Protein chains: 2
Amino acid sequence: MQLQKLTKARGNEEKRRFDDACGLAHAMELLGERWAMLVLRELAYGSRRFSDLKHDLQGISANVLTQRLTELEARGLVRKTKLPPPAAVQVYEATRWGLEAVPVIASLGKWAARSPLHNPELRMSHVSVVMSLQTLISAERAKGFDARVGFRFGDTSYVTTVHDGALDVERRDADDCDVTFIGSPSEIAAVIHGGAPIEMIKVEGDLELAERFRTLFPLPEKVAVG
Amino acid sequence: MQLQKLTKARGNEEKRRFDDACGLAHAMELLGERWAMLVLRELAYGSRRFSDLKHDLQGISANVLTQRLTELEARGLVRKTKLPPPAAVQVYEATRWGLEAVPVIASLGKWAARSPLHNPELRMSHVSVVMSLQTLISAERAKGFDARVGFRFGDTSYVTTVHDGALDVERRDADDCDVTFIGSPSEIAAVIHGGAPIEMIKVEGDLELAERFRTLFPLPEKVAVG
DNA sequence: CCGTATCCAATAAGATACTG
DNA sequence: CAGTATCTTATTGGATACGG
């Protein structure tokens, strides 16, 4: 009771804390605000500029994005840097430690995708599509599969490398791939995860490889209602 | 623009969605509200009643707890049940699927504990102490260690079993243990994680075993500022 | 174009008192 | 004990205007 008074007296400096030494409570102080984990997700494969983030996190407003980035920076998860000239634009990137949270939040996503309430029809950012591949790849099915698979989403491309049952991701031009998927994130997700006909998207390169590639990502089973 | 209007028109039925097919976004819809993950954490080792939760989640208000439990129930993570007679009290328990999120949020806690901003001096619930042991145990250090270690926090006890480098937890009377730690959650955490003198707490049983036990849980390294 | 700052309305959270 | 009801405060999101 006195504590609450104190907190209030301190103004909005140390406002809403959990006052709990549990790591999870601290995680919520670091990443618990609305949008925070999604911002971090967007930085998983390299730095991005403000307008990219604003565009890909459809629905976030500029002021909220500014606030999340500022907080994440103050907490050591994100760094604000300038790209080297001649670009010299300002970008945000995840710190090494911030990046270490990415596999954990990806697992959270994998867990949540099993919810009966989950609607995979909604739009996705390209980062989430690529991350879903990295998260859902079946080591068993991908055993012996060795290939470089590219993705072109408008003007952003990714190169993924399947090797040793895992999938590695880089954001860069996909011009040296065995096969490249071209389409919107939702279309590509529908083809790979939803079993939609592959003709829905454009595929450049080894079409047979593309067909095999898209069997490597079994969707986790939905949970029963009870 | 039309979407926002629509959402508003629908009233408070489908208010603040991320409208993102990404699993992580859905995870935030399931567990993203303040306190939600901590409520789930409290249910990790078995059912609890409203007042237990309210007591252990120090700082939560009754109406917020009610709301979180109602939401978690509607989303399939939590179930409201009645204990069999003669107790016949109402309790909340995590569903099987809800429990599957626990290791993930525990990893999130492990990650967050490395933050320079983390303050381990604050109070902890008994669940968080026991969960920290389960999360931080070093398989390497615990190799060959086989013991049943009890914890008594006031009137709540846990029995942990170290076997094959892992730690199993049950919430029940700790009367059949090789050694039992007795104290407050913070004191026990200080002794096991903080290297505080073991005399700070009470230990019943094999004291030498207790000394070895507390070396099994190396704290993850703090991150550097940059 | 890349943000930041400010203002406003709608929600969510918190404190407290109260009921079955 | 297990919540509701009510009131106050804090946070959110959207719009818009502003600075580099």
Side-chain angles (χ1 to χ4, degrees), chain A residues 1-19 25 28-29 32-39 47-71 73 78 80-83 86-92 155, chain B residues 1-20 28-29 31-39 47-73 78 80-83 86-93:
Chain A
M1 311 286 158
Q2 319 96 296
L3 247 174
Q4 278 73 29
K5 284 268 162 60
L6 247 172
T7 306
K8 194 172 293 183
R10 274 177 297 191
N12 38 9
E13 159 200 341
E14 304 197 10
K15 44 218 161 175
R16 291 209 285 156
R17 291 289 192 78
F18 289 105
D19 286 322
M28 297 322 289
E29 280 164 2
E33 278 105 10
R34 202 171 152 73
W35 294 106
M37 290 195 198
L38 301 182
V39 170
S47 62
R48 314 228 63 200
R49 39 167 85 184
F50 188 91
S51 53
D52 296 332
L53 294 169
K54 171 119 171 55
H55 175 260
D56 292 341
L57 294 167
Q58 199 169 288
I60 198 171
S61 57
N63 51 2
V64 172
L65 179 54
T66 302
Q67 201 178 324
R68 283 305 92 89
L69 287 169
T70 310
E71 291 159 358
E73 193 184 8
V78 162
K80 203 172 182 170
T81 57
K82 255 194 163 54
L83 242 42
V89 299
Q90 174 153 286
V91 294
Y92 296 88
D155 53 4
Chain B
M1 310 285 162
Q2 319 95 296
L3 248 173
Q4 278 73 28
K5 285 267 162 61
L6 249 172
T7 307
K8 196 170 291 181
R10 273 176 297 190
N12 37 9
E13 158 199 342
E14 303 196 12
K15 44 218 160 173
R16 292 211 285 155
R17 291 290 191 79
F18 288 106
D19 285 321
D20 188 329
M28 297 322 290
E29 279 163 6
L31 271 176
E33 278 104 10
R34 202 169 152 72
W35 294 107
M37 291 195 197
L38 301 181
V39 170
S47 62
R48 314 230 62 201
R49 41 166 84 184
F50 188 91
S51 52
D52 295 334
L53 294 170
K54 172 116 170 55
H55 175 260
D56 292 341
L57 294 167
Q58 198 170 288
I60 198 172
S61 56
N63 51 1
V64 172
L65 180 53
T66 302
Q67 201 177 323
R68 283 305 92 90
L69 287 168
T70 310
E71 291 159 358
L72 291 175
E73 193 184 8
V78 162
K80 202 173 183 170
T81 57
K82 254 194 164 50
L83 243 42
V89 298
Q90 175 153 285
V91 294
Y92 296 87
E93 65 180 6

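Every chain is numbered from 1, with letters handed out A, B, ... down the list of sequences. Treat the numbers as computed from the prediction; the structure is a model and nothing was measured.
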A.B. asks: When you check the phosphate oxygens OP1 and OP2 of D:dC1, does a side-chain N or O of B:R49 lie under 4.0 Å from one of them?
C.D. replies: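 Looking at the OP1 and OP2 atoms of D:dC1, neither is under 4.0 Å from any side-chain N or O of B:R49.
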
A.B. asks: Can you tell me the distance, in whole Å, between the CD atom of B:E73 and the P atom of D:dA2?
C.D. replies: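 After rounding, the gap between these two atoms is 15 Å.
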
A.B. asks: When you check the phosphate oxygens OP1 and OP2 of C:dA12, does a side-chain N or O of B:W35 lie under 4.0 Å from one of them?
C.D. replies: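 Checking B:W35 against C:dA12: no side-chain N or O falls below 4.0 Å of OP1 or OP2.
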
A.B. asks: Look at A:T66 and C:dT4 and indicate whether a side-chain polar atom (N or O) is within less than 4.0 Å of OP1 or OP2.
C.D. replies: yes

A.B. asks: Using atom CZ of B:F18 as one end and atom P of D:dT12 as the other, report the distance to the nearest whole Å.
C.D. replies: 11 Å

A.B. asks: Output the rounded distance in Å from CD (B:E33) to C1' (D:dT11).
C.D. replies: 14 Å

A.B. asks: Rounding to a whole Å, what distance do you find between A:R48:CZ and C:dG3:P?
C.D. replies: 12 Å

A.B. asks: Could you tell me whether the phosphate oxygens of D:dC1, OP1 or OP2, come under 4.0 Å of any side-chain nitrogen or oxygen in B:Q90?
C.D. replies: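 B:Q90 to D:dC1 OP1/OP2: no side-chain N or O under 4.0 Å.
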
A.B. asks: Check whether any side-chain N or O of A:K80 sits under 4.0 Å from OP1 or OP2 of C:dC2, and answer yes or no.
C.D. replies: no

A.B. asks: Map A:V91 and B:E71 onto DNA chain C by nearest heavy atom, then report which one ends up closer to the 5' terminus.
C.D. replies: A:V91

A.B. asks: Strictly below 4.0 Å: does B:Q67 bring a side-chain N or O up to OP1 or OP2 of C:dA12?
C.D. replies: no

A.B. asks: Output yes when a side-chain donor or acceptor of B:D52 lies under 3.5 Å from a complementary backbone atom of B:R49, and no otherwise.
C.D. replies: yes

A.B. asks: Starting from P on D:dG3, measure out to CG on B:L69 and report it in whole angstrom.
C.D. replies: 8 Å

A.B. asks: Just N and O in the side chain of B:R68: are any of them under 4.0 Å from OP1 or OP2 of C:dA13?
C.D. replies: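 Yes, because at least one side-chain N or O of B:R68 sits under 4.0 Å from OP1 or OP2 of C:dA13.
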
A.B. asks: Work out which heavy atom in A:N63 is nearest to a heavy atom in A:S61; give both atom names and the distance.
C.D. replies: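 In this case the closest contact between A:N63 and A:S61 is OD1-OG, 2.7 Å.
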
A.B. asks: What nucleic acid atoms does A:S61 come within less than 4.0 Å of, heavy atoms only: base, sugar-phosphate, or nothing?
C.D. replies: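 Base contact - A:S61 has a heavy atom under 4.0 Å of at least one base atom.
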
A.B. asks: Between A:V39 and A:R68, what is the shortest heavy-atom contact and its length?
C.D. replies: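 So the two residues come closest at CG2-CB, 4.3 Å.
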
A.B. asks: In whole Å, I'd like the distance from the CG atom of B:L65 to the P atom of C:dG14.
C.D. replies: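 Result: 11 Å.
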
A.B. asks: Can you tell me how far P of C:dG3 sits from CG of A:L57, to the nearest Å?
C.D. replies: 14 Å

A.B. asks: So if I take every side-chain heavy atom of B:R34 and compare against D:dT12, D:dG3, C:dA13, which nucleotide ends up nearest?
C.D. replies: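 The nucleotide sitting nearest to the side chain is C:dA13.
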
A.B. asks: Return the minimal non-hydrogen interatomic distance between B:A36 and B:L31, and the atom names on each side.
C.D. replies: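 Where B:A36 meets B:L31 most closely, the heavy atoms are CB-O, 3.6 Å.
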
A.B. asks: Report the relative orientation of the aromatic rings in A:F18 and B:W35; use parallel for angles under 30°, tilted for 30 to 60°, perpendicular for over 60°.
C.D. replies: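 The arrangement is perpendicular - the two ring planes meet at more than 60°.
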
A.B. asks: Using OP1 and OP2 only, check whether a side-chain N or O of B:Y92 sits under 4.0 Å from D:dG3.
C.D. replies: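 For D:dG3, OP1/OP2 do have a side-chain N/O of B:Y92 under 4.0 Å.
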
A.B. asks: For D:dG3, does the base pair up with any side-chain atom of B:N63 as donor and acceptor (N or O, under 3.5 Å, distance only)?
C.D. replies: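 When only heavy-atom distances are counted, B:N63 does not reach the base of D:dG3 through any donor-acceptor pair under 3.5 Å.
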
A.B. asks: Minimum heavy-atom separation for A:L65 to A:K54, with atom names?
C.D. replies: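 Here A:L65 and A:K54 meet closest at CD2-N, 3.6 Å.
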
A.B. asks: With respect to the side chain of B:F50, which nucleotide from D:dA2, C:dT4, D:dT12 is positioned closest?
C.D. replies: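 Minimum distance to the B:F50 side chain belongs to D:dA2.
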
A.B. asks: Nearest-Å distance, CG (B:L83) to P (D:dC1)?
C.D. replies: 15 Å

